[in-house]
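Just so we're on the same page: letters track the sequence lines, and every chain starts at 1.
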Amino acid sequence: MFSSWPSTQSRLVRRAAEGDARAFRTLYRALHPAVHGYVGRRVATPADVEDLVARVFHRVVENLARFDASKASVRGWVLGITRNAVIDHLRTRREIVALEDGPELLAVVDPIADGPDPRTAAILAGVRELPASTREMIALHFADGLSYREIAELVGSTEAAVKQRMARALRELRTLVREPEPAKGAARYAI
Amino acid sequence: MRSDLEGDLRRALASAPAPDTARRDALEDELVARLPPARARRRWPRIALGIGLGGALAAVACALPSDYDADLGHRLAIVVAESTDVDPRAIATFVEERYAPDELRMAVSQHRTREEGPDGSVIEQGGELRIEIDAVGEDIDTDEMWEELVDAFPELEGGRLEDEALRTVVHGTLGGRLSHAWLDVVIDRGSIEDAKAQILLQLDAQGFDGQAHVEIVDDEDPDGHHRREVRVWVEQDSHEPPP
């Protein structure tokens, strides 16, 4: 049976921790897009994005020997470091007015400010109405491409809880877009 | 099946700025310079065995003389632009026929990036296609292999071949028999003493210098499957018990 990609990455981490440059380069090239994408969707300034990505990977190198494959996938581990770095950065830079907690900072990824069409605008308005922690899950799944299991690892929940929360959120959003809000910027919240 | 809503969410949320490639590449070199000094790899004698499948399970643990090769094969990754029209099966068949590995396994994966276009639309960029091949068996000159692959499959030109040594391998056959290429020993349920004798003879033939010990223990794993553990160790001046 072919080794799955995650276990290959675990092996690469172990070898990188032993100083194997080739293993590290392979790992870095595989993970850089995910880390850069995660940061790029949440931090406004390109220079800050690059600095943060660098900071994340320096932390990865510092902690290679501590990675525990039984606790997280490699991608989950690295995105956990990334998430913490972004939270710290946003809190420090106050790029978002509401700075109560991590989920609030990371909740909505909304590069298309008003949406190119009414349906997308309605979907994004509906997403904004969701609880902060759910909004973060929506972002992690649809923006960053994480599985429910990876999301659970990252936010400290269970896969079942993430699945349930996402199912409920998607049901609400589906109801919403079948009945689009006619007034601009407002979202009718169907129960 | 993905719904329209899920597709719309992906399109609306997933765009991200493209990375600064110069910065990305410079960071890579910076990070590599921070890695600890490469540890001298433990060199396993070529009698390290993998774990068998099915009803019979055998594992070999070896203490280590210092000067025997450890490589059991190669994990190769052919990486090309996603848009490249390649036939992974044909490539795997080529490797199998050309190099005749004892085992060959393949996996294909895609890695894409998304970015926002000048008009705000989401542009999905073709990323990379990775064809990973585990080739177990004889040592392969990967530089030569890459040249031959590009000759045979010109569409691979512009791609790259990544190579990682395989350290362990999984072998398994039905019927409770495990055979090992390096020792050429068949360890069957009914021939423990014969297997011990064969292993000792082959260790001697391979030039192991010292006192060799072989221990074969039958047991059950937690799932109730029969498990056979074969422990081999060689004592030299500095005795090192098996892990």
- Query: Which bit of Glu162(B) comes within less than 4.5 Å of chain A, counting heavy atoms only: side chain, backbone, both or neither?
  - Reply: side chain
- Salt-bridge criterion met for Glu62(A) and Arg34(B) (N-O under 4.0 Å): yes
- With the threshold set at 4.0 Å, does a side-chain nitrogen-carboxylate oxygen contact exist between Arg168(A) and Glu172(A)? no
- Query: Pick from Leu173(A), Leu64(A), Val39(A), Leu170(A): which one has the most heavy-atom pairs with chain B under 4.5 Å?
  - Reply: Leu170(A)
- Item | Atom group of His58(A) that falls short of 4.5 Å from chain B, counting heavy atoms | both
- Query: Under 4.0 Å between a Lys/Arg side-chain N and an Asp/Glu carboxylate O for Arg25(A) and Asp29(B)?
  - Reply: yes
- Task: Using non-hydrogen atoms and a 4.5 Å limit, figure out which bit of Phe57(A) sits close to chain B: side chain, backbone, both or neither.
- Result: both
- Item | Atom pair OG (Ser73(A)) and CG (Leu154(A)), whose distance is rounded to the nearest 0.5 Å | 9.0 Å
